Amino acid sequence: MRPIRPGDRGPAVTEIRTVLAGLNLLPPADGAQIDEFDTATERAVRAFQQSRGLSVDGRVGAETWRALEAARWRLGARTLYHAVPEPLTGEDVRSLQERLLEMGYDAGRADAIYGIRTSRAVAQFQREVGLTPDGACGPHTMNALRRLGRKVVGGRPQWLRESDAIRQSGPTLVGRTVVIDPGHGGTDPGVVVPDGTLRWTEADLVHDLASRLEGRLAASGVRVQLTRGPAPGECLPDTDRAQLANALGADVFISLHTDGHLNPDADGVATYHYGTNNGVTSATGERLAGLVQREIVARTGLRNCGTHAKAWDLLRLTRMPAVRVEVGYLTSPTDRARLVDPRFRDRVAEAIVAAVQRMYFPIERDVPTGSIDVSELRAVVAAGTVVD
Ligand SMILES: [Zn+2]
């Protein structure tokens with residue numbers, strides 16, 4: 001199949017745009033159906049490709065088409081089961097996996113593939129609610145899932161074990177240790193963008209952001225350690241940064257970066273946690289990354305480029321929940337205009353504090369994204385009251 005590309009017109013383009021609008025990557029068409037592959041469509045395709053780990057070329061070839069096909073399924077629209085050898089894939093599978101994980105069932109990673117592990121988790125759920133444990137998710141199982149809502153937490157799978165220590169340690173931030181890792185530094189400036197007589201560097205911007213985050217976390221009673229100063233002599237390798245966090249017994253590790261791309265249209269925020277293609281994942285890392293991503297998107301309006309599993313040294317060697325945040329593209333004129341604004345960096349810092357706080361709320365007491373007032377947290381700590 002010839003890829004569908006910018007400039008193309010026709011019903012296939014309308015279909016692509018409909019799926020992208022359903023994923024909130026494009027504004028819904030007002031009235032008239034648009035059948036033109038315009039620049040907005042291309043941007044949306046790129047964002048979609050990035051979120052699905054596809055090569056980002058802004059065209060819809062066979063692979064991207066399959067991923068779009070999978071994305072159109074909504075949970076409850078079809079019966080899900082473990083099909084061999086071609087497993088069912090789709091957004092509905094991902095939603096189901098997320099629900100199961102939220103409820104404490106070991107569905108593995110929310111990878112949108114209905115594999116044996118998802119099927120087993122469904123069967124366990126079915127047993128516990130008195131349904132036939134066939135591992136398939138049809139109307140009865142969907143009803144049971146809807147009835148139970150988000151509040152129920154059951155089972156003792158890996159996800160709960162991993163997050164047990166965090167949940168039982170209570171919701172307070174006081175006395176936690178957070179290691180903040182401003183990326184690059186020294187001989188490695190990271191992404192560099194000349195701007196008239198100025199020169200913006202990733203290393204400087206993320207160090208400034210790290211300092212803002214440090215101040216806010218410290219004011220909430222957190223012990224904070226940065227992996228580097230503003231102008232280190234050398235660039236510390238990622239393995240050393242991970243070891244530093246391990247040696248400090250950190251509770252949370254946050255690495256800060258900005259992204260860069262030859263295409264100035266590439267923009268948005270993405271977060272990364274430890275995981276492999278085989279479905280091995282740090283569940284607490286994934287949760288923290290999801291919270292950081294959602295809070296930043298809600299509070300800054302940066303494009304949502306999603307949360308992704310990576311086996312990078314920095315994420316693999318750290319023994320605590322660890323995330324790497326790519327806060328916007330320094331090479332994008334729109335992202336850059338925001339990043340160089342100190343007020344914007346303050347908002348990003350507030351978003352990350354809110355995410356770290358939510359990490360310690362039990363799931364059933366979690367609050368909506370964007371709703372934590374960081375200055376309120378500070379006031380509580382200043383008044384000497386324990387946050388509960
Ligand atoms: Zn970087």
Side-chain angles (χ1 to χ4, degrees), residues 46-47 50-51 53 56 178-195 198-214 225-245 252-275 285 288-289 292-293 296-297 300 302-318 321-342 344-345 348-349 351-352 355:
R46 285 177 180 278
Q50 191 165 21
S51 73
V56 179
V178 173
V179 169
I180 306 171
D181 173 45
H184 310 276
T187 50
D188 170 18
V191 180
V192 179
V193 177
D195 181 3
L198 294 171
R199 178 176 172 269
W200 299 109
T201 74
E202 176 184 0
D204 289 348
L205 282 171
V206 294
H207 187 273
D208 175 273
L209 176 58
S211 309
R212 290 167 199 272
L213 182 54
E214 178 185 25
Q225 176 81 40
L226 265 59
T227 55
R228 69 168 175 91
E234 294 172 7
C235 180
L236 202 62
D238 280 353
T239 45
D240 291 10
R241 296 175 195 238
Q243 266 154 30
L244 177 67
V252 169
F253 179 89
I254 298 163
S255 185
L256 301 170
H257 287 252
T258 59
D259 222 329
H261 198 277
L262 284 175
N263 182 346
D265 282 345
D267 65 356
V269 54
T271 49
Y272 300 89
H273 60 88
Y274 176 69
L288 178 62
V292 168
Q293 180 73 14
I296 292 180
V297 168
T300 66
L302 282 173
R303 180 191 305 282
N304 187 351
C305 295
T307 294
H308 311 277
K310 293 283 176 190
W312 295 329
D313 283 349
L314 193 75
L315 302 174
R316 187 170 54 85
L317 300 173
T318 37
V323 294
R324 172 165 161 168
V325 194
E326 299 275 348
V327 194
Y329 281 72
L330 204 45
T331 45
S332 147
T334 44
D335 279 5
R336 185 166 65 247
R338 292 160 145 172
L339 282 163
V340 302
D341 179 351
F344 177 83
R345 298 198 293 275
V348 174
I352 297 174

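First listed ligand is number 1; within each ligand, the first listed atom is number 1. All of these numbers come straight from a predicted model, not from anything done at the bench.
Looking only at protein N/O/S atoms, the ones less than 2.8 Å from the Zn ion (ligand 1) make 3 in total.
The minimum heavy-atom distance between Arg241 and Cys235, with the atom names listed, is NH2-SG, 3.6 Å. Of all non-hydrogen atoms in Ile180 and Ala210, the two that sit nearest each other are CG2-CB, 3.7 Å.
The six-membered or imidazole ring of His308 lies away from that of His273, with a centre-to-centre distance of 6.0 Å or more.
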Legend entry - Full working for side chain to side chain donor-acceptor pair (under 3.5 Å) between Asp267 and Ser332: CA-CA 6 Å; Asp267 65 356; Ser332 147; 4.6 Å; no
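The side-chain tip of Arg336 does not point at the ring of Trp200 from less than 6.0 angstrom away and within 45° of straight on.
With respect to Asp208 and Arg212, a salt bridge is recorded, a charged nitrogen being found less than 4.0 Å from a carboxylate O.
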